[in-house]
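Chain letters run A, B, ... following the sequence lines, proteins first and then strands; every chain starts at 1.
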There are 2 protein chains.
Amino acid sequence: MDTQPKASPPAHEIVYGKLREHILFGDLIPGQAITIQGLTAMLDAGMTPVREALRRLISEGALVFNGNRRVSVPVLSTENVNELLFGRQAIEPQLVIMATQNATPADLDAIEAIDIALDEAIEIGDVKGYLRKNYEFHRALYDLANAPILASLADTMYLRFGPSLRVISGRLGTQSLPDLHKACLSAMRAGDAHAAANAIKQDVVSGMELMKRNLTESHP
Amino acid sequence: MDTQPKASPPAHEIVYGKLREHILFGDLIPGQAITIQGLTAMLDAGMTPVREALRRLISEGALVFNGNRRVSVPVLSTENVNELLFGRQAIEPQLVIMATQNATPADLDAIEAIDIALDEAIEIGDVKGYLRKNYEFHRALYDLANAPILASLADTMYLRFGPSLRVISGRLGTQSLPDLHKACLSAMRAGDAHAAANAIKQDVVSGMELMKRNLTESHP
DNA sequence: CACCAAATAATTTGATCATATTCTGAGAAT
DNA sequence: ATTCTCAGAATATGATCAAATTATTTGGTG
């Protein structure tokens with residue numbers, strides 16, 4: 001009986017997860033058009049689950065609905081990045097303060113493990129690994145804060161710049177990427193919530209500033 | 001041929017709008033269970049559009065997905081309200097600052113008209129009218145800021161407490177409801193973005209404090 | 001005669017529905 | 001109390017319809 005005790009999650013959840021991965025860590029370029037029928041083929045799913053996952057990701061800002069029924073990966077403007085800079089600066093430090101209060105040593109060990117893996121990815125130039133571990137790091141902090149509403153706001157903002165960050169990281173390589181994580185972690189271990197919040201704020205600011213400097217300068 | 005020249009929006013958009021209205025201004029009680037088949041009957045729509053609208057509203061936090069295929073209207077805890085208090089305090093003043101910079105006299109006249117209608121609703125004890133105009137007021141400010149990402153964050157937060165606010169307003173009547181709108185508007189007319197931001201912050205704080213004081217004290 | 005533009009046909013893609021299937025939870029029976 | 005059964009609800013499919021983009025034709029013009 002133990003061989004298959006799990007009730008599999010619904011198809012639309014699976015599709016949502018897969019598509020989210022593609023957006024954050026895959027090959028979906030900002031501006032790229034998304035078609036429902038393309039996704040049903042790519043993800044081997046029916047239309048209804050794909051459609052539901054799409055609506056969900058659209059309302060999270062991970063994809064955009066372009067007026068005439070077409071869906072695409074968002075292209076960030078400088079103003080958009082400024083909004084994300086402000087919003088993340090407003091929310092993430094608070095999440096870190098709350099996380100610091102909740103964190104057990106085991107929690108911090110787990111997060112440190114993520115950050116070590118992140119360093120290794122930078123070391124060997126593994127862009128995709130960096131992106132994944134960076135997301136996991138921030139996400140682990142969100143979850144530790146035990147503040148689901150604020151965490152979902154932060155997550156939504158992360159999703160919005162995921163594809164652009166991926167492109168930029170790919171262009172720049174892993175060397176010049178910001179990492180204020182260790183300062184944040186040691187402050188959390190010391191129970192200094194204020195210092196931890198400041199460290200993550202610096203991390204957020206330098207990340208967003210990097211994006212602003214490297215947005216594709218298309219037009220003449 | 002001119003009798004119906006408009007291309008109607010897709011059914012899932014219409015369903016989304018209707019359901020959103022029900023959540024903010026209708027009769028959906030926090031904790032109430034939502035069924036897909038109930039909605040297809042109530043809104044006279046097919047299952048697929050209803051399903052898509054549901055996913056969208058769930059990911060916006062306007063509805064909650066209770067593990068086992070059950071969807072319901074969210075019940076706010078004190079911690080939830082504290083999160084919303086922090087989040088709105090962080091975002092809305094910034095939106096008002098940006099709105100102040102963009103606002104034309106005509107824009108301000110339009111918003112003032114909403115606020116006057118709001119006062120009338122309070123005057124005659126029209127709870128539903130108050131809720132609608134209060135939402136329109138805040139929403140008009142969000143839109144004026146020309147900051148779509150921050151506006152969507154603020155809107156999401158408003159959606160989350162809509163049903164609870166409605167219940168509380170119904171219990172208390174319209175007399176004791178906060179309204180710092182006139183201070184905000186006159187500051188905007190004077191071009192004093194800082195004062196306008198402070199006024200809206202006060203409005204947000206007193207609204208959220210009101211909610212905290214009046215959450216249903218269920219358990220013994 | 002070549003070229004541009006407007007109109008129209010063709011194809012691709014999205015939207016919707018009816019129906020089949022799977023899952024959950026409540027109550028009956030042990 | 002535990003297990004079984006079953007009704008009802010959610011999930012998923014694929015066919016069908018409608019809209020939009022792209023390709024093609026056609027007619028006129030420099």
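Across all non-hydrogen atoms, the minimal contact from A:Ala154 to A:Ile91 is CB-CG2, 4.3 Å.
Between the side chains of A:Asp203 and A:His138, at least one donor-acceptor pair of N or O atoms lies under 3.5 Å.
Whole-Å rounding puts the A:His12 NE2 to C:dT22 C1' distance at 13 Å. If you measure from atom CG of B:Leu39 to atom C1' of D:dT11, you get 16 Å, rounded to the nearest angstrom. Summarising the geometry, the separation between CD on A:Glu52 and C1' on C:dG14 is reported as 16 Å, rounded to the nearest angstrom. The separation between A:Met47 atom CE and D:dT16 atom P is 14 Å, rounded to whole Å. At whole-Å resolution of the value, CZ in B:Arg55 and C1' in D:dT11 are 9 Å apart. Between the CZ atom of B:Arg51 and the P atom of C:dA18 there is a distance of 16 Å, rounded to whole Å. Rounded to whole Å, atom P of D:dA9 lies 14 Å from atom CD1 of B:Ile34. Following rounding to the nearest Å, B:Arg69 (CZ) and C:dG25 (P) show an atom-to-atom distance of 9 Å.
Checking C:dG25, C:dC17, C:dA15 against the side-chain heavy atoms of B:Arg70 singles out C:dG25 as nearest. Distance from the side chain of B:Gln37 is smallest for D:dA10 among the nucleotides D:dT13, C:dG25, D:dA10.
Between B:Lys133 and B:Glu136, at least one side-chain N (NZ, or NE/NH1/NH2) sits under 4.0 Å from a carboxylate O, which counts as a salt bridge. A salt bridge does not link B:Asp155 to B:Arg160: none of the charged nitrogens lies less than 4.0 Å from a carboxylate oxygen.
The aromatic rings of A:His12 and B:Phe65 lie perpendicular to each other, with more than 60° between the two planes, well past the 30° mark.
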Item to check | side chain to side chain donor-acceptor pair (under 3.5 Å) evaluation trace for A:Glu21 with A:Tyr16 | outcome: CA-CA 9 Å; A:Glu21 290 270 312; A:Tyr16 170 79; over 6 Å; no
Checklist entry - Step by step, would you call B:Glu13 with B:Lys18 a salt bridge (Lys or Arg N to Asp or Glu O under 4.0 Å)? => result CA-CA 9 Å; B:Glu13 288 278 354; B:Lys18 284 185 183 174; over 6 Å; no
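Interface residues of residues 13-23 of chain B facing DNA chain C, ordered by number: none; criterion, heavy-atom separation under 4.0 Å.
Of the two residues contacting DNA chain D, namely B:Thr48 and A:Asn68, the nearest-nucleotide position lying further toward the 5' end is that of B:Thr48.
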